[in-house]
Protein chains: 2
Amino acid sequence: MNVHEPERRLVTLADVARAAGVGESTVSRVLRNQGSFSKRTQDRVAEAVARLGYVPNRLAGMLAGSGTTAGAKLVGIIIPSLTNIVFPDLLRGANAALDRDGFQSVIGVSDYDPSREEALIGALLSWRPAGLIVTGLEHTPGAVARLRASGIRVVEMIDTDGTGLDIVVGFSNRAVGCDSARHLLDRGYRRIGYVGHDITRDLRAAKRLAGFCETLVQAGHPLVERAIASGPSSAAAGREALGQLLARRPDLDAVYFSNDDMALGGYFHCLAEGIAVPGRLALFGFNALDIAAAMPRPLATIRTPRLEIGAMAAERLGADGPPEVIDLGYELIPGATA
Amino acid sequence: MNVHEPERRLVTLADVARAAGVGESTVSRVLRNQGSFSKRTQDRVAEAVARLGYVPNRLAGMLAGSGTTAGAKLVGIIIPSLTNIVFPDLLRGANAALDRDGFQSVIGVSDYDPSREEALIGALLSWRPAGLIVTGLEHTPGAVARLRASGIRVVEMIDTDGTGLDIVVGFSNRAVGCDSARHLLDRGYRRIGYVGHDITRDLRAAKRLAGFCETLVQAGHPLVERAIASGPSSAAAGREALGQLLARRPDLDAVYFSNDDMALGGYFHCLAEGIAVPGRLALFGFNALDIAAAMPRPLATIRTPRLEIGAMAAERLGADGPPEVIDLGYELIPGATA
DNA sequence: AATCAGATTGGCAGCGCTGCCAATCGCTGT
DNA sequence: ACAGCGATTGGCAGCGCTGCCAATCTGATT
């Protein structure tokens with residue numbers, strides 16, 4: 001397409017103004033439905049816009065409007081990964097709320113790499129967004145400095161275990177770990193193991209595990225054994241890691257997984273090996289994936305308010321007010337595997 | 001954060017130029033590493049940038065650079081949904097390629113709604129992107145008109161069954177359906193059913209089903225029965241729909257699912273009901289989700305090159321050249337459920 | 001020492017739009 | 001008929017950066 005056109009200049013607001021026989025600022029007002037103008041003017045502008053196929057240039061709009069209230073109808077969102085459905089869910093929640101307010105979002109994927117996150121923050125800030133939504137509370141000093149210097153609203157989502165920069169929306173991963181442990185203990189499980197993925201990268205999983213272990217220790221039944229899959233979480237990794245874990249400690253009576261993907265893999269391992277769940281081995285996950293609820297025995301897990309977190313993050317981004325921490329909680333789903 | 005600052009103006013390129021004791025255009029050249037400048041100048045600029053914490057304003061940059069080759073380091077991507085992992089996968093592939101070339105992406109989610117897609121196209125075009133990546137070949141006339149008028153490169157991804165606007169990257173969904181049917185027929189299955197989700201919205205699923213049915217008819221063993229879940233695809237929907245399907249036609253010997261999510265649910269139904277797979281009932285999916293490969297019996301399915309499609313779409317967006325169709329194919333994974 | 005190509009640099013006019021302000025219009029009240 | 005006042009409208013200076021071009025500088029060459 002592009003190569004064929006003889007470099008035809010795109011229609012500008014000035015073209016519309018000329019075609020409609022009005023001034024530029026009048027067209028601008030009509031288009032943004034701001035200020036006052038007559039019905040007749042509105043119609044003429046609308047007609048000209050339609051006839052010329054005018055598409056406003058938001059770059060120019062934002063540039064011109066910078067420094068004032070309006071302008072910035074853009075937010076940046078940084079998530080660590082697109083592999084795990086959790087993050088698309090957060091995006092989905094944020095997107096819905098953002099759309100409603102006429103915002104557009106630019107997203108960046110950090111791949112769980114703090115330095116990449118810092119670079120992305122720089123890149124996104126250069127679009128002069130109205131605000132930035134980032135994931136988690138841990139950032140490089142450089143990233144924090146940029147965020148502070150930008151002077152814009154920042155929302156850190158998902159995690160509340162730590163100190164935030166501005167607004168924090170999420171839940172306590174540590175508390176999730178504690179509650180998960182307590183649930184298993186309450187049900188009488190004593191020889192408990194853990195199956196997780198790379199915890200040096202996924203800091204939230206590490207916090208859950210910390211809370212989990214602490215509660216077990218307090219109860220006098222410390223974690224028996226753990227298996228850590230290298231690489232990101234997946235059903236395949238969970239299946240394999242559980243196999244290894246049980247090979248080392250066949251006497252376990254319950255296993256806590258870093259998330260539902262891993263747990264699902266573990267469940268498949270049990271199915272394949274004929275291990276009764278939860279009779280012989282109890283399984284506990286995290287995230288409440290749809291798939292886990294459709295299992296023959298619904299997975300015991302924790303439902304996290306992902307859409308709500310995304311939506312709340314987006315909503316708060318537009319609001320004025322002091323920094324605050326919004327804990328949206330979570331819900332333990334007993335399921336039937338523990 | 002924002003409310004505390006006394007409206008401090010952000011650092012501009014002019015500030016940097018002054019601080020470094022050089023001209024604005026020199027700073028611009030150094031920052032973009034374009035044109036020539038001395039090492040000494042480069043160091044002074046770098047020092048000033050670091051000291052002032054300068055963040056370039058890409059809005060201004062793109063506006064100024066519009067009309068010329070450079071400038072536009074932005075692309076728009078429109079996908080129908082974030083619920084199904086397929087689309088995040090496409091994004092992931094595109095993102096990786098885009099990042100490499102220093103592009104940023106603005107994404108829009110159409111929610112499978114053509115008129116919403118049209119609106120999103122308008123919104124994204126107003127950012128004056130270098131190109132646009134959209135999903136599928138079906139668009140409203142208005143959307144097509146806007147796309148054409150924009151004069152930018154457009155890539156339609158995933159589907160090659162139809163006529164594209166500019167560049168098309170994907171595979172034939174119809175052929176997928178045909179091959180899936182042929183595979184089941186070759187294995188001796190004759191009483192075949194279908195479990196799908198809302199097909200009026202997911203046009204690609206409809207194409208697969210069309211190819212599937214056609215092949216069955218040609219072989220003289222037309223589709224016996226179908227169950228369509230309302231709403232989007234999910235394991236829960238697949239599980240329930242398969243239950244209904246079998247209630248109506250207990251004699252089926254194979255079921256084709258609209259995708260792996262649905263098939264996974266179907267598999268769970270079989271597990272729960274003690275239906276032997278594939279002894280009593282064969283299952284066939286689509287997409288080759290990781291999870292489906294971790295099942296006790298790996299799911300028979302079709303692997304689609306999602307990352308590759310995203311990556312290729314992003315790559316082609318930057319290239320010059322005539323419109324073309326790039327078929328990246330797919331791979332049938334026999335698995336163990338059929 | 002004069003000359004010249006090439007490297008380096010600065011000045012400045014926009015890119016397309018919005019904010020601000022002054023000008024004009026349409027009515028009302030007296 | 002005329003002042004008064006809000007509703008409408010147009011003009012124009014930027015927003016921060018890049019492209020273009022002219023100015024200056026650096027050595028090497030004659």
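- A:Asn57 has its CG atom 7 Å from the P atom of C:dG16, to the nearest Å.
- Phosphate proximity of D:dT18 to B:Ser28: present, with a side-chain N or O under 4.0 Å from OP1 or OP2.
- Side-chain atoms of B:Arg204 do not come within 3.5 Å of backbone N or O of B:Asp159 as any donor-acceptor pair.
- Separating the CD atom of B:Gln34 from the P atom of C:dA7 is a distance of 15 Å, rounded to the nearest angstrom.
- To the nearest angstrom, C1' of C:dG19 lies 16 Å from CG of A:Leu31.
- A straight line from CG of A:Leu13 to C1' of C:dC15 spans 13 Å, rounded to a whole angstrom.
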Write down the protein N/O and nucleotide N/O pairs, taken from nucleotides 8-14 of chain D, whose separation is under 3.5 Å; answer none if there are no such pairs.
from   : atom 1 : to      : atom 2 : distance (Å)
D:dT9  : OP1    : A:Ser38 : OG     : 3.1
D:dT9  : OP1    : A:Thr41 : OG1    : 2.4
D:dT9  : OP2    : A:Ser38 : N      : 2.9
D:dT9  : OP2    : A:Thr41 : OG1    : 3.2
D:dG10 : OP1    : A:Gly23 : N      : 3.4
D:dG10 : OP2    : A:Gly23 : N      : 2.6
D:dG10 : OP2    : A:Thr26 : OG1    : 2.5
D:dG10 : N7     : A:Ser25 : OG     : 3.1
D:dG10 : N7     : A:Arg29 : NH2    : 3.3
D:dG10 : O6     : A:Arg29 : NH1    : 3.3
D:dG11 : N7     : A:Ser25 : OG     : 3.3
D:dG11 : O6     : A:Ser25 : OG     : 2.9

Show me the donor-acceptor pairs within less than 3.5 Å that the side chains of residues 40-49 of chain A make with the rest of the protein, sequence neighbours left out.
from    : atom 1 : to      : atom 2 : distance (Å)
A:Thr41 : OG1    : A:Ser38 : OG     : 2.8
A:Asp43 : OD1    : A:Lys39 : NZ     : 2.8
A:Asp43 : OD2    : A:Lys39 : NZ     : 3.2
A:Arg44 : NE     : A:Ala20 : O      : 3.3
A:Arg44 : NH2    : A:Ala20 : O      : 2.9
A:Glu47 : OE2    : A:Arg51 : NE     : 2.9

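- In this view, B:Asp202 and B:His197 satisfy the side chain to side chain donor-acceptor pair (under 3.5 Å) rule, not counting sequence neighbours.
- Rounded to whole angstrom, the span from the CZ atom of B:Arg58 across to the C1' atom of C:dC15 amounts to 17 Å.
- Inter-residue side-chain proximity for B:Val155 and B:Met312 is flagged as unmet; no heavy-atom pair is nearer than 4.5 Å.
- A rotation axis mapping the C1' atoms of four pairs onto the next four is fitted at both ends of the helix from C:dA1-D:dT30 to C:dT30-D:dA1 over five pairs, and the angle between these axes is 50° to 10 degrees.
- Neither OP1 nor OP2 of D:dC17 sits under 4.0 Å from any side-chain N or O of A:Arg128.
- Looking at heavy atoms from C-beta onward, B:Glu24 lies out of side-chain contact with B:Val27 at the 4.5 angstrom threshold.
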Inset, instruction - Go through the steps for A:His139 and A:Glu117 under the test side chain to side chain donor-acceptor pair (under 3.5 Å), then give the verdict. - result: CA-CA 8 Å; A:His139 314 288; A:Glu117 186 194 48; 2.9 Å; yes

Side-chain polar contacts of residues 96-106 of chain A - donor-acceptor pairs under 3.5 angstrom, sequence neighbours left out - could you list them?
from     : atom 1 : to       : atom 2 : distance (Å)
A:Asp99  : OD2    : B:Arg116 : NH2    : 2.1
A:Ser105 : OG     : A:Asn95  : OD1    : 3.3

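- Under the side-chain contact (heavy atoms from CB on, under 4.5 Å) criterion, A:Ser28 pairs with A:Leu13, A:Arg32, not counting sequence neighbours.
- Atom-to-atom distance recorded for A:Ile78:CD1 and A:Glu118:CD is 10.5 Å, nearest 0.5 angstrom.
- Remark: C1' of D:dC17 and CG of B:Leu59 are 11 Å apart, rounded to the nearest angstrom.
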